[in-house]
Amino acid sequence: MIIYRTLENKIQLYSNQFRAIALMGIRQSGKTTLCKILFPDKPYLNFENIDVQILAEEDPNAFLKKYISTGAIFDEIQKSPNLFNYIQEVLDNETERGKYVLTGSSNFLLNQNISQSLAGRVGFLELLPLSSKELVDYYGKNLPVWELIYKGGFPEIWIQNITPSFYFPSYIQSFIERDIRQLINIKNLIAFQQFIKIVATRAGQEWNSSQIANDLGIDSKTVASWLSYLQTAGIVYLLPPYFANFGKRVIKRPKLYLTDTGVLCSLLGIQNQNQLENHPLKGSIFENFVILEFLKQKNSSIENCNFYYWRSINGVEIDLIIEKNGELIPVEIKSGSTYQEKWWKNIYDWQSFSKNTTPGIIIYGGDDNHSFSDGRSVISYNAIIV
């Protein structure tokens, strides 16, 4: 049985609008499987195969001519960056929509040289790990929130019932060896491994490169550079602050989240679900999970919206501000499973600052949903909708 991905409809739409589509995503998020399902008649070539790389690099024109009539799926194509200029020429002479499908591990395809070659010719999409909705649809029932968080969203773990404590340490080491070390020459590998673990402890918090540099005893520019590479590899997501019309009252550093909670738990040394439920960073980990759920829905939606967080200089914080259809929707995230009226305090404070805002939403760790006559909503983690 195959897990249905909510991004499928958007991929089909883009394939009717663009000459080619580029599907990005963190390793093991399911890009290859999804492309083969949606485009079964297209030849498939994996550029992690050294023989494919050699053929493409020795004679790019001859290589691409083989697929002029059929199109193709070029998987992990960032492995052969020199091919993009030739693909540009092919696409310029192409009238058929959706003929070529390019995939790459996360944002490698947004490399400046590559994106310039593909600008206006290719529709870019990002496939994140499985959402709770996709898993609920697959299993036909709601799943416990801490199980969802501990296992993360890599399809292989769920379909093959792999133990997360075995899977993720190997995944993380492979990621460092295969992706990061291809991007940069890491002279101090131990410091970089420590850096990644420190990143995990900052999930759900404002990111401060100078502070991290002091903790590690390295240059702050190095820290900023390393973080940029984690973004490129799709390991972290930075949520920008909302500060329109609020001037200096608002802190302007982004908040950091990891793009898979299973990876996050592993980096934090969490070995089982019970340990997770009693972890001192439980609230931040739950917040990370909820932010990802919103991000996954945003990526799959045709409608445009923007995500921010907000914190005043006085310490009043809103975990998520959704800017959609000219409105600002404040969202507070609470890991508790029992609703409490006091959870609304920050949203009430936010409303005194912003006139263009909705009554607001609380996302919590319980199972029931509540609506109030004034428009406020309390929504379970398993019923999140952008």
Side-chain angles (χ1 to χ4, degrees), residues 128-129 131-133 142-150 152-153 200-207 236-242 250-251 253-262 264-265 268 276-277 279-299 305-312 315-324 328-351 354 357-372 375-386:
L128 288 165
S131 68
S132 61
K133 181 182 185 306
N142 289 334
L143 298 170
V145 64
W146 301 111
E147 180 183 4
L148 289 167
I149 291 173
Y150 177 61
T201 66
R202 300 303 194 273
Q205 299 180 30
E206 290 179 10
W207 179 257
V236 301
Y237 166 69
L238 296 181
L239 180 68
Y242 182 86
V250 177
I251 306 299
R253 288 192 291 262
K255 287 180 71 173
L256 179 143
Y257 300 95
L258 273 74
T259 52
D260 186 79
T261 56
L264 172 59
C265 289
L268 290 173
L276 169 60
E277 293 184 46
H279 198 276
L281 295 179
K282 171 183 174 180
S284 295
I285 296 169
F286 180 79
E287 179 182 327
N288 197 125
F289 165 77
V290 171
I291 294 295
L292 285 183
E293 288 298 300
F294 277 107
L295 189 61
K296 290 166 185 176
Q297 290 203 27
K298 174 186 175 182
N299 282 0
C305 63
N306 297 308
F307 292 162
Y308 310 93
Y309 82 95
W310 182 79
R311 177 182 288 173
S312 75
V316 177
E317 179 175 330
I318 301 297
D319 296 319
L320 179 64
I321 301 290
I322 303 174
E323 185 179 46
K324 183 178 180 181
L328 299 173
I329 306 169
V331 180
E332 278 285 80
I333 301 168
K334 304 294 181 181
S335 63
S337 58
T338 303
Y339 166 71
Q340 300 180 46
E341 183 65 26
K342 66 180 182 181
W343 288 346
W344 292 100
K345 181 183 181 302
N346 283 7
I347 288 182
Y348 293 150
D349 289 343
W350 153 262
Q351 289 169 342
S354 175
T357 185
T358 66
I361 298 170
I362 299 286
I363 305 293
Y364 80 125
D367 296 318
D368 299 323
N369 302 317
H370 308 276
S371 295
F372 297 90
R376 292 178 296 147
S377 298
V378 178
I379 298 175
S380 168
Y381 68 90
N382 58 39
I384 295 172
I385 299 176
V386 174

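We use all heavy atoms of the structure for the numbers below, so side chains are in, but hydrogens, waters and symmetry mates are not. The first residue of the sequence shown is numbered 1, and numbering continues consecutively from there.
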Which is it for Ile362 and Ile347 under the side-chain contact (heavy atoms from CB on, under 4.5 Å) test, yes or no, and what are the steps along the way?
CA-CA 9 Å; Ile362 299 286; Ile347 288 182; 4.3 Å; yes
Lys296/Lys133 under side-chain contact (heavy atoms from CB on, under 4.5 Å): CA gap, chis, key distance, verdict:
CA-CA 10 Å; Lys296 290 166 185 176; Lys133 181 182 185 306; over 6 Å; no
Output, in order, the C-alpha distance, side-chain angles, deciding distance and verdict of side-chain contact (heavy atoms from CB on, under 4.5 Å) for Val378 and Trp344.
CA-CA 10 Å; Val378 178; Trp344 292 100; 3.8 Å; yes
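From Thr338, atom OG1 reaches atom CG of Asp368 across 10.0 Å, with rounding to the nearest 0.5 Å. To the nearest 0.5 Å, atom CG of residue Leu239 and atom CG of residue Leu320 are 6.5 Å apart. Between atom OH of residue Tyr364 and atom NE2 of residue His370 there is a gap of 4.0 Å, rounded to the nearest 0.5 Å. To the nearest 0.5 Å, atom OG of residue Ser335 and atom CG of residue Leu281 are 11.5 Å apart. Distance check: Asn288 CG to Asp260 CG gives 9.0 Å after rounding to the nearest 0.5 Å. Note: Tyr348 OH to Arg376 CZ = 3.5 Å, rounded to the nearest 0.5 Å.
Residue Tyr242 is tested with Tyr309, Phe307, Tyr308, Trp310 for a ring-ring contact (aromatic ring centres under 6.0 Å, His included); the sole match is Tyr308. When the options Ile322, Ile318, Ile321 are evaluated for a side-chain contact (heavy atoms from CB on, under 4.5 Å) with Leu328, the one that passes is Ile321.
Between Tyr381 and Phe286, the angle of the ring planes goes over 60°, which puts this pair in the perpendicular group of the 30/60° scheme.
Residues Tyr257 and Glu287 have side chains that bring a donor and an acceptor to within less than 3.5 angstrom of each other. In summary, the side chains of Ser132 and Glu293 do present a donor paired with an acceptor at a separation below 3.5 Å, with no hydrogens or angles considered.
Using a 4.5 Å heavy-atom threshold, the side chains of Ile384 and Phe294 count as touching. A heavy-atom distance below 4.5 Å is found between the side chains of Thr358 and Pro330. When side chains are defined from C-beta on, Asp367 does not count as touching Asn142, because their heavy atoms never get closer than 4.5 Å. At a threshold of 4.5 Å between non-hydrogen side-chain atoms, the residues Gln297 and Ser131 do not count as touching. Glu206 has its side chain within reach of Arg311: a pair of non-hydrogen atoms, C-beta onward, lies under 4.5 Å apart. Side-chain atoms of Asp319 and Ile363, non-hydrogen and from C-beta on, never get closer than 4.5 Å to each other.
Listed for the Gln351 side chain is a donor-acceptor partner under 3.5 Å among the backbone atoms of Pro359. A donor-acceptor contact shorter than 3.5 Å links the side chain of Asn369 to the backbone of Ser380.
The nearest pair of heavy atoms linking Val145 to Gly365 is CG1-O, 4.5 Å. For Cys305 against Lys298, the heavy-atom pair with the smallest separation is O-CE, 3.0 Å. Residues Cys265 and Leu276 share a closest heavy-atom pair of SG-CD1, 4.0 Å. In terms of heavy-atom proximity, Leu258 sits nearest to Leu292 at O-CD1, 3.3 Å. Nearest heavy atoms, Leu268 versus His279: O-NE2, 4.3 Å.
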